[in-house]
Amino acid sequence: MTTPSTERGQTAAHVDLPTKYQPADVEGRLYERWVSAGYFAADPARNPGGPAYSIVIPPPNVTGSLHMGHALDHSIQDALVRRRRMQGYEAVWVPGMDHAGIATQNVVERELAKEGKSRHDLGREAFVERVWAWKAESGGRILGQMRRLGDSVDWSREAFTMDERRARAVRTIFKRLFDDGLIYRAERIINWCPRCLTALSDIEVEHADREGELVSIRYGSGDDEIVVATTRAETMLGDTAVAVHPDDPRYKHMVGREVELPLTGRRIPVVADEHVDPEFGTGAVKVTPAHDPNDFEIGRRHDLPSLTIMDERGVITAHGPFEGLDRFEARPAVVAALRQQGRIVKEVRPYAHSVGHCQRCSTVVEPRVSLQWFVKVAPLAKAAGDAVRDGRVQIHPPELAARYFEWVDNMHDWCISRQLWWGHRIPVWYGPDGQTVCPGPDEEPPAGWTQDTDVLDTWFSSALWPFSTFGWPDDTPDLRRFYPTSVLVTGYDILFFWVARMMMFGLYAMDGVEPFKVIALHGMVRDQHGKKMSKSFGNVVDPLDWIDRYGADATRFTLLRGANPGGDVPVADEWAQGSRNFCNKLWNATRFALMNGAHVRGELPSEGLTTVDRWVLSRLNKVIAEVDAHLESFEFAKACETLYHFAWDEVCDWYVELSKVQLDDPAAADTTRRVLGEVLDRLLRLLHPVIPFVTEELWTSLTGEETLVRAAWPQADAARHDDDAEALVASLQRLVTEVRRFRADQGLKPGQRVAAALEWGGSPLAGHEKGVRMLLRLDAPGEGFSATASLPVEGVTVRLDTAGAIDVAAERKRLEKDLANARKEAEQARRKLGNESFVAKAPEAVVAKTRDRLSQAEADIARLESQLAALPAA
RNA sequence: GGGCGCAUAGCUCAGUGGUAGAGCACUCGCCUUACAAGCGAGGAGUCGCAAGUUCGAUCCUUGCUGCGCCCACCA
């Protein structure tokens with residue numbers, strides 16, 4: 001691209017821009033330049049008194065590649081950061097990735113499985129090394145994707161949840177929590193994945209309805225018979241009691257007695273427990289403390305023994321005929337065995353109930369008693385809830401705060417130990433006699449002691465992200481300038497996983513200072529029918545594919561244009577094409593401007609502007625204010641919509657067209673070049689946060705400046721508002737549209753010149769006769785002018801020479817339609833004004849408006865009737 | 001089981017107590033030298049159903065129906 005010619009005059013300057021915007025030709029080049037020039041790098045020492053703005057990226061899992069959801073998330077953050085950077089904030093957007101414990105370990109284990117190996121064949125050390133190798137490869141791919149998207153992240157601050165700095169943060173907070181008694185180790189019943197062979201926290205379990213069977217079984221016999229119902233018959237092998245509600249008259253006499261447990265011959269007690277719902281089933285519950293969370297609690301309350309009958313893989317270990325069977329084989333086997341013993345099975349009926357599955361591998365989760373580490377969440381969750389409750393942290397949109405509270409106010413202790421190898425190893429060592437020590441990050445454990453073999457839940461380290469990325473636990477300049485972060489942008493799907501935990505740890509570690517001031521939530525990216533994207537549907541769109549075909553800007557614009565706060569974002573190929581077309585429209589508008597010598601040199605004149613100039617500047621300044629307001633409230637869809645319409649419908653369709661007349665007018669050409677330059681300059685600035693590449697390319701060409709990345713964000717200037725100019729241009733637009741409509745109805749070729757007499761009747765539009773003639777391709781009436789049609793619009797009469805013949809039928813049809821509309825309009829208004837209550841009670845302005853409508857409609861009716869009467873017979 | 005949300009044009013979604021909007025799709029006409037990734041014109045919706053409040057309801061209230069999401073230790 002060459003510098004625009006400064007040559008003026010009638011001859012269009014030569015501009016070396018292709019007629020189509022080719023994203024591939026500019027994106028890579030511009031991104032490299034942005035990074036090497038250091039535009040994205042923040043400096044906490046720069047402009048010390050000035051405002052700072054910080055965002056930490058929700059670290060993507062190193063396993064995968066970025067999907068459309070990431071592209072949406074990143075587009076939002078980039079738009080926010082780029083705008084603040086232009087506004088003069090010291091803005092930083094910190095990139096990084098998450099080690100994603102289970103997810104990553106599973107991926108690498110699958111790789112190994114292809115080689116016929118398991119992680120145990122490698123051993124812990126070699127396996128972890130292998131995961132690091134995978135991380136290097138996969139992580140690199142993700143970083144490349146971020147570059148393609150145009151993310152203006154500060155690469156010098158790139159972080160990883162398992163790098164050395166972050167490890168130190170983990171050790172530090174663990175130690176603090178441990179010393180404060182907020183971390184403890186206990187034998188509890190936890191969610192266990194028999195495939196991943198690890199504990200899971202509550203939120204790593206996904207519930208789904210499953211068809212099962214509810215089996216009613218008779219325990220005991222004769223007077224002692226008591227019927228229990230279960231969906232998991234195999235667990236009866238581990239039953240150590242039957243529970244009934246203490247007030248249930250049916251079973252009161254049974255409490256304290258024992259019944260015989262079928263198949264085992266064991267006798268188990270009947271206990272009374274409030275937890276039992278007398279209304280449900282038979283009102284009696286079998287109690288298996290080792291394999292059910294409720295029963296575990298009942299067992300604790302009644303001091304019942306806990307009998308483990310399954311191993312960690314879900315295989316029955318209870319001695320007897322079922323030993324060695326998988327849990328799902330054992331279930332029907334137990335029922336069959338009961339049946340063989342006669343009338344023990346009372347009833348079997350289908351029963352749909354909710355079953356927990358491992359979030360990472362979909363295996364049915366098995367509750368399991370084991371020794372695990374927990375975070376005592378009560379005080380932390382309380383603080384996390386309060387910070388939102390008292391407004392220190394705002395959730396956007398506010399409706400989603402309810403979900404946050406729901407979780408924060410009802411949280412169970414958080415199981416943080418995982419029986420994995422990939423992750424932060426729990427920083428606790430055990431002595432030879434079972435002593436426990438948690439050394440600080442800079443302390444050594446006693447020689448000969450052994451470290452706990454478990455690792456921490458991956459969310460433990462990501463919960464530290466808003467401050468670990470800035471160097472915590474050290475007191476760094478970054479931390480002081482950029483914490484708390486300005487806003488957290490993420491999908492509502494990880495409100496519980498991540499956001500709430502950052503709140504807990506942030507408030508705890510940073511002495512009550514919240515990790516972010518605003519939580520801006522967005523939804524999920526969906527297909528054009530609102531369906532979730534999934535491989536099985538085949539409706540997954542890869543952001544890279546869109547970037548290749550339509551460009552990064554079009555991809556970003558499509559996503560942001562659909563991004564209503566907290567809402568899901570449907571996308572479709574055609575919409576991305578529309579966005580690409582929009583970028584191309586800007587490209588060509590700027591191309592036109594450059595060819596005609598548009599520039600931004602010197603002050604924008606206040607004198608000597610045409611009505612059309614004043615109109616576009618008025619609109620521009622209103623648009624700036626609107627876009628500002630929308631972006632402040634995370635209304636990206638609205639901001640995009642406003643800019644799209646202003647750019648396309650107002651600037652391109654009207655201002656650029658009308659400027660052609662002005663550019664031909666020596667008296668107006670100079671200011672027109674300046675105004676055209678001004679409008680594009682401001683428009684490109686406003687669009688830059690959303691579509692950074694094309695705007696940078698065009699803006700630097702237009703202005704000759706080095707970069708738009710650090711150019712100033714436009715300020716709305718209310719002094720440019722001009723209601724008169726806006727009203728006049730609105731009239732002009734109506735006039736032009738009306739005449740075009742006539743031409744179309746009459747079957748006149750759009751390119752066909754038509755002789756016309758324009759009679760302005762004192763209308764201020766007279767000053768725009770040249771513009772009207774150009775837009776409508778009207779010639780002056782010549783020698784043989786014969787007026788055959790007239791269109792009184794806005795007080796203006798247009799007489800057109802349609803070569804002596806107009807299509808009377810078409811014209812009659814058009815006029816009749818307009819007349820019908822006007823009559824309907826008048827009728828409506830008349831009815832309203834005839835309503836006394838309306839006139840008495842409605843606001844003055846509404847009544848006045850209705851009167852205006854009526855008189856306008858009546859005038860239209862009179863005009864149309866006389867036009868119809870004047871039509872020659874067909 | 002608890003909580004929340006949604007129902008507006010063919011599709012996806014905005015929106016307002018006072019004449020229904022956008023994008024895409026659709027129809028017709030145009031290669032008009034910034035742009036056919038374009039230009040111009042046009043069609044299209046009893047704003048889910050019912051009742052209530054109001055001078056007036058797509059908007060507020062209630063009920064109903066149909067969807068969706070989140071949470072959940074009722075076997």
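Below, chain A is the first sequence line, B the second, and so on; all start at residue 1.
A straight line from CD of A:E406 to P of B:C70 spans 11 Å, rounded to a whole angstrom. Between A:N564 atom CG and B:C13 atom P there is a gap of 10 Å when expressed in whole angstrom units. Counting to the nearest Å, the C1' atom of B:G21 and the CG atom of A:D649 are 13 Å from each other. B:A75 atom C1' lies 11 Å from atom OH of A:Y219, rounded to whole Å. Rounded to whole Å, the distance from CZ on A:F838 to P on B:A57 is 12 Å. In this entry the distance linking CZ of A:F496 with C1' of B:C70 reads 6 Å, nearest Å. Atom-to-atom, OH of A:Y550 to C1' of B:C24 comes out at 13 Å; the value is rounded to the nearest Å. One can place NE2 of A:H207 at 8 Å from P of B:C71, the figure rounded to the nearest angstrom.
Counting any heavy atom pair closer than 4.0 Å across all strands shown, A:D277 reaches a base atom. Within the 4.0 angstrom heavy-atom criterion, no nucleotide atom of any strand lies near A:Q856. Nucleic acid contact class of A:E825 (heavy atoms, under 4.0 Å, all strands): base. A:P367 comes within 4.0 angstrom of nothing in the nucleic acid, heavy atoms only. Note on A:D653: only backbone sugar-phosphate atoms sit closer than 4.0 angstrom, heavy atoms only; bases stay farther off. Residue contacts shown for A:R561 are limited to sugar-phosphate atoms, with no base heavy atom under 4.0 Å away. Using a 4.0 Å heavy-atom criterion, one finds that A:V656 contacts the bases of the nucleic acid, with or without backbone contacts as well. Heavy atoms of A:H529 sit under 4.0 angstrom from primed sugar atoms or phosphate atoms, though from no base atom. Across all strands shown, A:H275 has heavy atoms under 4.0 Å from base atoms, whether or not it also approaches the sugar-phosphate. Nucleic acid contact for A:K660: base, since at least one base atom lies under 4.0 Å from a heavy atom of the residue. As judged by a 4.0 angstrom heavy-atom cut-off over every strand, A:A402 is placed among residues making no nucleic acid contact.
OP1 and OP2 of B:A36 both lie 4.0 Å or more from every side-chain N or O belonging to A:K585. Taking side-chain N and O atoms only, A:N584 has no distance below 4.0 Å to OP1 or OP2 of B:C35. Put simply, A:R232 has no side-chain N or O that comes within less than 4.0 Å of OP1 or OP2 on B:A75. Contact annotation: A:Y351 reaches the phosphate of B:A75 (side-chain N/O to OP1 or OP2, under 4.0 Å). For the pair A:K20 and B:A37, the criterion of a side-chain N or O lying under 4.0 Å from OP1 or OP2 is met. When the side-chain nitrogen and oxygen atoms of A:W648 are compared with OP1 and OP2 of B:C39, one or more of them lie within a distance under 4.0 Å. Within the 4.0 Å cut-off from OP1 or OP2 of B:A34, not a single side-chain nitrogen or oxygen of A:T590 is found. Note on A:N588: every side-chain N or O is 4.0 Å or more away from OP1 and OP2 of B:A37. The shortest distance between the side-chain N/O atoms of A:R853 and the OP1/OP2 oxygens of B:U19 is below 4.0 Å. Applying the 4.0 Å criterion to OP1 and OP2 of B:G15, one finds that A:K638 has a side-chain N or O inside that range.
Between the side chain of A:Q528 and the base of B:A25, no donor-acceptor pair under 3.5 Å is found. Taking only distance into account, the side chain of A:R580 meets the base of B:A37 through a donor-acceptor pair shorter than 3.5 Å.
Of the C1' atoms belonging to B:C60 and B:G18, the separation is 15 Å, rounded to the nearest Å. Distance noted for atom C1' between B:G40 and B:G45: 25 Å (whole Å).
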| Under a 3.5 Å cutoff on both atom distances, Watson-Crick or G-U, what's the dot-bracket for RNA chain B ([ ] crossing, | other strand)? | (((((((..((((....[..)))).(((((.......))))).....(((((..]....))))))))))))....
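Salt-bridge formation is detected for the pair A:D818/A:R741: a Lys NZ or Arg NE/NH1/NH2 atom is positioned less than 4.0 Å from an Asp or Glu carboxylate oxygen. A salt bridge links A:R549 to A:D573: one of the charged nitrogens lies within less than 4.0 Å of a carboxylate oxygen. By the 4.0 Å N-to-carboxylate-O rule, A:E234 lies too far from A:R327 to be salt-bridged with it.
With a 6.0 Å radius and a threshold of 12 heavy atoms from other residues, nucleotides or ligands, A:R210 has its CZ atom at or below the threshold.
For the pair A:R403 and A:Y492, the cation-pi criterion (under 6.0 Å, within 45° of the ring axis) is fulfilled. Geometrically, A:R561 engages A:Y644 in a cation-pi contact, judged by NZ or CZ lying under 6.0 Å from the ring centre and within 45° of the ring axis.
For the residue pair A:E204/A:S201, the side-chain donor-acceptor check at 3.5 Å is satisfied. In summary, the side chains of A:E406 and A:N410 do not present any donor paired with an acceptor at a separation below 3.5 Å, with no hydrogens or angles considered. When only modelled atom types and interatomic distance are considered, A:S579 and A:T558 share a side-chain donor-acceptor pair under 3.5 Å. Between the side chains of A:N588 and A:Y21, no donor N or O sits under 3.5 Å from an acceptor N or O.
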